[in-house]
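Throughout, protein chains are lettered first and strands after them, A, B, ... in sequence-line order, and every chain is numbered starting at 1. What you see below is based on every heavy atom in this structure, not just the backbone, and it leaves out hydrogens, waters and symmetry mates.
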Number of protein chains: 2
Amino acid sequence: MIAEIISVGTELLLGNILNSNAKYLSEECSELGLSVFFQTVVGDNEKRLEETIKRALQGSDIVFLTGGLGPTQDDLTKEVVAKVVDKPLVKDEYTEKKLIDFFNKRKVKMASNNLKQALIPEGSLVLENNNGTAPGLIVNEDNKILVLLPGPPKEMVPLFEEQVKPYIRKISSETIASKTLRVVGIGESTVEELLTELINGQSNPTIAPYAKDGEVHLRLTAKALSEKEAYELIEPTEKAVYDILGDSIYTNEDKTLEEVVLDLLLEKEYTLSIVESCTGGLLSGRIINCSGISTVYKEGQITYSNEAKVNLGVKEETINQYGAVSGHTAKEMVEAMAKVSGSEVSLSVTGIAGPTGGTEDKPVGLVYIGCYINGKTTVKEYNFVGSRERIRNNSVIAAINLLRLELLNN
Amino acid sequence: MIAEIISVGTELLLGNILNSNAKYLSEECSELGLSVFFQTVVGDNEKRLEETIKRALQGSDIVFLTGGLGPTQDDLTKEVVAKVVDKPLVKDEYTEKKLIDFFNKRKVKMASNNLKQALIPEGSLVLENNNGTAPGLIVNEDNKILVLLPGPPKEMVPLFEEQVKPYIRKISSETIASKTLRVVGIGESTVEELLTELINGQSNPTIAPYAKDGEVHLRLTAKALSEKEAYELIEPTEKAVYDILGDSIYTNEDKTLEEVVLDLLLEKEYTLSIVESCTGGLLSGRIINCSGISTVYKEGQITYSNEAKVNLGVKEETINQYGAVSGHTAKEMVEAMAKVSGSEVSLSVTGIAGPTGGTEDKPVGLVYIGCYINGKTTVKEYNFVGSRERIRNNSVIAAINLLRLELLNN
């Protein structure tokens, strides 16, 4: 089936917000096996919206519209869709009752324009919105489907996930299943190169690599008559990918890198401390974003200045002889941090994030990461490129990944 | 003038990447006084791209295209534009020489398809790309303008900024100038409410508020016959906004909140230390992203556990009596940190970021921030809402802003 995505809202045309809805829906369509030929953004303008919807219906089987379902005069999507499919707008009793309850509960007087949200093109299917007041709608017309969704992503996404996806799965004869393998430590082009034969040799499942914030996500998608069968199709390909990429794949579940590392630490009952220089707190900040980290994480230090490094326990002569950015300093940092905190595991980062401070010997992007586990210290050297922000972010990911690999192998 | 933005690339239709180019160009168009009626995303497909360009030329005076200028078979934008405007593709000698030099310098053998990037529709204006190999192009056709830009934002943005913007300014009879006031500590709806009269009463300059990562940016834009005149039109409105919002505006320059605070610290020759609990390093991480921070930032600690707080110097009985998340603990944290580090200025953050750990007395989102300047400590209580990530980010912004206000007033 061919799909088109129409995002309605003048704020998008003014560049006030990023169109994350179109990205989300495109990704979901691709997973559902729908081919998206166009994404269009159109303002809150009746004539142009009508023209866009008509054109989309000509070229596609299913049209997704986001935005323009709210209570104000500007919100036109439902009205224009009703006009295009030539159906009157009628009141949906259930939605009206829900709206009235909503305002009563909040003890807020409901402005009468809110009731506009209970009007639907006659015969359409109402998708209850549990995170906002405007419901979604599915309108069928001449073997074409129009799916109207609210604009705010926190309303649109759960509504799509819980109600639209099962609907589309039901009407399509095939079932689609997918599994994502998350890869860290090797770049997208290397991943593609390593998997070239596998990718080219496959059609069901397909293998699609996506670069994502310093990681590569490989989505394996299979079509079959049942979900079980689709997952069975994925299995041998998943195994083949694991054979090639090994422990560069950190998970095949819906987990972040730091969550995987937290699980490993919890399993071994290890506590963690962190000392950072160039990343300046971002490494701890990222790890502490895991809910439940408090039983594992003991403390962190940001020893940005040499003085602070020495106060922690790094020898002054080490810094003088090898420099603050050196494997020796990274080693002493991580061992001092483990000692001070009494944790079984510790990480250290020291490097040159730039844009200034680089030399010929030690260029911007040179980073040393130390990992201490129960008395054994490993230090690795990295050479990152890019902006200060990118070097710092890559250092954070490399540190978490080094810890993961050391935990797996120790 | 009416503009349309076309983003070319199947990766956008698969939802692999966010269309940040369309947002950027829309924002720039609005600043240049161009009205954008449509944004369209189309895949690397000759027929559909041709259809899209033709349609866009019918409805607009200027069409921006991003993507599809690279060396591969998939890159079709230039070829299709040449077909639409009925011009042959000819070799641009300068671009060809630059390409050959580029590969020679890197000692990489140039694949022959790279030379495709030196072909241009006859008569078009070449926009030199200093951040990549594919140049941009401006093609004039029947009083319409086509602007072809490379897809990667790090190539597209500087090219637009340095070459396309001046070009458009030159062809449009009016000059547009704008100034952005950056506001922190009050929400977008409050800013709009405070400025309602001013916003409604203005047409030149216009005042446009944008919510941006916990801040509100107010863009004042004026049209006039010269740039000087446009800025003169902005002046009284800027003053009126300052009269209403006062020091909630942290800058009218192109600076981040942390850069403004760094400037204040440098001016007063103060050094800074930071101790964090719930933000877990993000506050230091954000401040250390300023290049040049090393003369100011001394050290940081992440005292996530109570034990770490006590090790730093917080009294055990304070934690027992008032809790780790309390104004008393925030005060002792910041004072201990200042003492240990010897810095003139120190910040502390302790709070409940959730999703668990909240109680009726101390709900998720309760955060205390301490600010120490030369012996004087200020502690503020905050109640944030939202996800763990959002609460942590808002805490970081609130802490930097508290420091800014205290530095201004002390």
Determine whether more than 12 heavy atoms belonging to other residues, nucleotides or ligands lie under 6.0 Å from atom [atom1] of [X].
| X | atom1 | value |
| --- | --- | --- |
| A:K339 | NZ | no |
| B:E389 | CD | no |
| A:E192 | CD | yes |
| B:R219 | CZ | yes |

Does any backbone or side-chain atom of [X] lie under 4.5 Å from a heavy atom of chain A? Answer side chain, backbone, both or neither.
| X | value |
| --- | --- |
| B:N45 | neither |
| B:E307 | side chain |
| B:I287 | neither |
| B:T52 | side chain |
| B:T279 | backbone |

Between atom [atom1] of [X] and atom [atom2] of [Y], what is the distance when rounded to the nearest 0.5 Å?
| X | Y | atom1 | atom2 | answer |
| --- | --- | --- | --- | --- |
| A:I274 | B:I302 | CD1 | CD1 | 7.0 Å |
| A:E299 | B:L312 | CD | CG | 9.0 Å |
| B:R388 | A:N289 | CZ | CG | 6.0 Å |
| A:E11 | B:K23 | CD | NZ | 12.0 Å |
| B:I288 | A:L282 | CD1 | CG | 8.0 Å |
| B:Y304 | A:S294 | OH | OG | 5.5 Å |

With a 4.5 angstrom heavy-atom cut-off, is it the side chain or the backbone of [X] that approaches chain B, or both, or neither?
| X | answer |
| --- | --- |
| A:S30 | side chain |
| A:R392 | side chain |
| A:L25 | neither |
| A:E4 | neither |

- prompt: Does the pair A:F38 and B:L13 meet the rule for a side chain to side chain contact (heavy atoms under 4.5 Å, CB included), with working shown?
  reply: CA-CA 7 Å; A:F38 294 102; B:L13 293 180; 5.6 Å; no
Heavy-atom distance under 4.5 Å between the side chains of [X] and [Y], does that happen here?
| X | Y | answer |
| --- | --- | --- |
| A:K298 | B:T303 | no |
| A:R55 | B:R55 | yes |
| A:L18 | B:S20 | yes |

Most contacts with chain B, counted as non-hydrogen pairs under 4.5 angstrom, among [options]:
| options | result |
| --- | --- |
| A:V396, A:I5, A:I17 | A:I17 |
| A:N311, A:L12, A:V275, A:I6 | A:L12 |
| A:G281, A:G300, A:G357 | A:G300 |
| A:A208, A:S273, A:S277, A:C290 | A:C290 |
| A:N16, A:V340, A:T10, A:L283 | A:N16 |

query: Do the side chain of A:S26 and the main chain of B:L14 share a donor and acceptor less than 3.5 angstrom apart?
result: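 Checking the backbone N and O of B:L14 against the side chain of A:S26, no donor-acceptor pair under 3.5 Å is found.
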